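Just so you know, these numbers come straight off a predicted model, no measurement behind them.
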Amino acid sequence: MNDKFTLKCSGCGREFSPSPELYLCPECSKLNTTTTPPKGVLKAIYDFDVLKSSAEKVISNNFWDLMPIISPDSLPMLKVGNTPLYRFTDIDGKRLPFQLYLKDDSQNPTFSFKDRASSVVSAYAKENGISTIVAASTGNAGSSLAGICAAQGQKAIIMVPKSAPVAKLTQIVMYGATIVPVDGNYDMAFDLSIEATKAFGWYNRNTAFNPLTIEGKKTVSFELFNQLSREIPDYIFVPVGDGVIISGVYKGFEDLLNVGLISKMPTIVAVQTEGSSNLINNLKRDDFLVTPSSTIADSISVDIPRNFCMAKEFINLYHGETLSVTDNEIIEASMILSRNTGIFSEPAAATAYAGMLKYYQRQQFNKNQKVVVLLTGSGLKDLNAVSKAITIPNAIEPNIEALRKMNI
């Protein structure tokens, strides 16, 4: 039995012992509808009073006391997390007055941030004797779960909307997972996967449904704390769709705060696309207004943000900031990022970089502030998104005169 943590409802505050069958608060989830964000999302709570008395031990144990897994041996052998944090000093030859850091999570095994969540969910399933895991995905979470399950000898079943990019679907199939295309959007695939969980007893990896996904994603905060020599950034720019990644980032720093390893929270900026900004648009509303999503950033294209309630609570409690960017700004940011850093990110990741550029253009950073951008996935995941913004030259004759005419 895993007694390292309990699960607390982010709505009513009830606490529960963890089990593979428990996903949402049994009481609050009764209030859920198909037109509003789910209530009853659970949050892992550790014995912070005990851990606070041995904070250095928490660090020396690589934060294992703050993870919901009994043994690290349960994790996949693939190298998940501990991704590079690069510092860059200029953009297009212009010296930056602040310290810019890029956290490149495309270096995870399946080339996205989602591996952090998949590895923890897979490990928990392994410790509980579960061999089949299901997820709904626009691509990244599905390919991530498929890859991690392949490494763990588990069966992955991935439900995807018919609009999911071919590159991501190819990954899923190559990893040997069972792919189930759904004639509908992500929300429909999500709902079907939950019905399948109830009908067939499969373990469900869905973000904002399985609370351990947030525990996996929070590991990026622990890494930033270590990589910045036990300091916190002034700003962190996070691409936002369902609200799970940003909740994970907040949760990681909140855990560090509760253990006494940090004394304040960084300013976390939620960046969405203008074509899919249902989370930030509803933060100050009493009701929930859904605007149909349309954006090139498919990984964060969401009509009903599944983790809205928890993300809203974190953003309000810790004075987070928000902004939106256009698809054109995302493409431009992707090109600026690639030519200045050598990092090619998918549109969802470039959304966070576009948000940082917008802040920079408004001169909202102070001198020497530490600014982190989370780059959550590789650009190779969705080449079609940038295809209209680039030009491939025609072939030339294989001689030096033809080369001269190109005026390189």
Side-chain angles (χ1 to χ4, degrees), residues 23-24 29 31-41 112 114 117-118 121 132-146 149 155-173 175 177-210 213 239-245 272-279 281-282 288-309 311 327 346-348 351 377 381-382 384-385:
Y23 295 100
L24 302 175
S29 60
L31 305 173
N32 289 340
T33 71
T34 59
T35 58
T36 58
K39 295 179 174 63
V41 175
S112 88
K114 303 297 178 74
S118 295
V121 168
T132 301
I133 309 176
V134 64
S137 173
T138 57
N140 277 344
S143 56
S144 170
L145 180 62
C149 283
K155 182 177 181 180
I157 300 171
I158 314 300
M159 299 183 179
V160 299
K162 62 181 180 181
S163 61
V166 173
K168 296 177 182 179
L169 301 185
T170 301
Q171 263 192 294
I172 293 171
V173 174
Y175 289 134
T178 298
I179 190 168
V180 182
V182 175
D183 188 10
N185 60 18
Y186 168 71
D187 298 299
M188 295 174 183
F190 190 107
D191 292 339
L192 180 59
S193 74
I194 293 175
E195 289 181 36
T197 295
K198 296 174 182 176
F200 306 120
W202 300 333
Y203 192 50
N204 196 302
R205 180 228 179 270
N206 283 354
T207 54
F209 185 68
N210 188 321
T213 58
V240 172
D242 258 335
V244 178
I245 289 180
Q272 292 204 281
T273 74
E274 287 188 359
S276 183
S277 53
N278 284 305
L279 191 146
N281 288 349
N282 281 282
F288 193 89
L289 178 64
V290 177
T291 302
S293 297
S294 177
T295 175
I296 59 169
D298 68 282
S299 294
I300 53 174
S301 179
V302 177
D303 287 351
I304 301 175
R306 299 280 173 169
N307 209 44
F308 174 77
C309 297
D327 279 2
E346 70 168 333
T351 298
K381 293 269 192 175
D382 189 3
N384 287 336

What residues, two or more places apart in sequence or in another chain, satisfy side-chain contact (heavy atoms from CB on, under 4.5 Å) together with [X]?
{"X": "Ser277", "answer": "Gln272, Ile280, Asn281"}
{"X": "Ser301", "answer": "Ser276, Ser293, Thr295"}
{"X": "Thr132", "answer": "Lys155, Ile157, Trp202"}
{"X": "Thr170", "answer": "Val166, Met174"}

| Taking the side chain from Asn278 and the backbone from Thr291, do they hold a donor-acceptor pair closer than 3.5 Å? |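 A pair under 3.5 Å: yes.
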
| task | Indicate yes or no for a side-chain donor-acceptor contact from Asp242 to the backbone of Asn307 under 3.5 Å, with no hydrogens or angles considered. | result |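 Side chain of Asp242 to backbone of Asn307: no pair is present.
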
Could you pull out the closest heavy-atom pair between [X] and [Y], with the gap in Å?
{"X": "Thr273", "Y": "Ala297", "value": "CG2-CB, 3.9 Å"}
{"X": "Gly241", "Y": "Pro305", "value": "O-CB, 3.7 Å"}
{"X": "Thr213", "Y": "Thr207", "value": "OG1-CA, 3.8 Å"}
{"X": "Ala311", "Y": "Gly243", "value": "CB-O, 3.8 Å"}

Given side chains that start at C-beta, do those of [X] and [Y] come closer than 4.5 Å, heavy atoms only?
{"X": "Cys149", "Y": "Ile133", "value": "yes"}
{"X": "Ile245", "Y": "Val240", "value": "no"}
{"X": "Ile172", "Y": "Val160", "value": "yes"}
{"X": "Val180", "Y": "Ile158", "value": "no"}
{"X": "Asn140", "Y": "Ser299", "value": "yes"}

| said: With no hydrogens and no angle check, just 3.5 Å: does a side-chain donor-acceptor pair link Lys114 and Ser137? | reply: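 No, Ser137 and Lys114 have no side-chain donor paired with an acceptor closer than 3.5 Å.
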
| message | Can you confirm whether the side chains of Ser118 and Arg205 place a donor and an acceptor under 3.5 Å from each other? | response |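 Judged by distance alone, the side chains do pair up.
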
Quick one: side chains of residues 187-197, donor-acceptor pairs under 3.5 Å with protein atoms, not counting sequence neighbours, listed by atom name and distance.
{"from": "Asp191", "atom 1": "OD1", "to": "Arg306", "atom 2": "NH1", "distance (Å)": "3.4"}
{"from": "Asp191", "atom 1": "OD1", "to": "Arg306", "atom 2": "NH2", "distance (Å)": "3.2"}
{"from": "Ser193", "atom 1": "OG", "to": "Phe190", "atom 2": "O", "distance (Å)": "2.7"}
{"from": "Ser193", "atom 1": "OG", "to": "Asn206", "atom 2": "ND2", "distance (Å)": "2.7"}
{"from": "Thr197", "atom 1": "OG1", "to": "Ser193", "atom 2": "O", "distance (Å)": "2.9"}
{"from": "Thr197", "atom 1": "OG1", "to": "Asn204", "atom 2": "ND2", "distance (Å)": "2.8"}

| said: Which residues pass the salt bridge (charged side-chain N to carboxylate O under 4.0 Å, His left out) test with Asp298, not counting sequence neighbours? | reply: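 Once residues adjacent in sequence are excluded, the partners of Asp298 under the salt bridge (charged side-chain N to carboxylate O under 4.0 Å, His left out) criterion are Lys168.
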
| request: For side chain to side chain contact (heavy atoms under 4.5 Å, CB included), just list the numbers for Ile179 and Leu169, CA-CA rounded to whole Å, side-chain angles, deciding distance to a tenth of an Å, and then say yes or no. | output: CA-CA 8 Å; Ile179 190 168; Leu169 301 185; 3.7 Å; yes

What pairs with [X] under side chain to side chain donor-acceptor pair (under 3.5 Å), at least two apart in sequence or on another chain?
{"X": "Ser112", "answer": "none"}
{"X": "Thr351", "answer": "none"}
{"X": "Thr36", "answer": "Thr33"}

| message | Between Met159 and Val134, does the side chain to side chain contact (heavy atoms under 4.5 Å, CB included) criterion hold? Intermediate values first, please. | response | CA-CA 8 Å; Met159 299 183 179; Val134 64; 4.3 Å; yes

| Partners meeting ring pair (Phe, Tyr, Trp, His ring centres under 6.0 Å) with Tyr23 (sequence neighbours left out) |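 Tyr23 satisfies ring pair (Phe, Tyr, Trp, His ring centres under 6.0 Å) with Tyr203, Phe209 only.
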
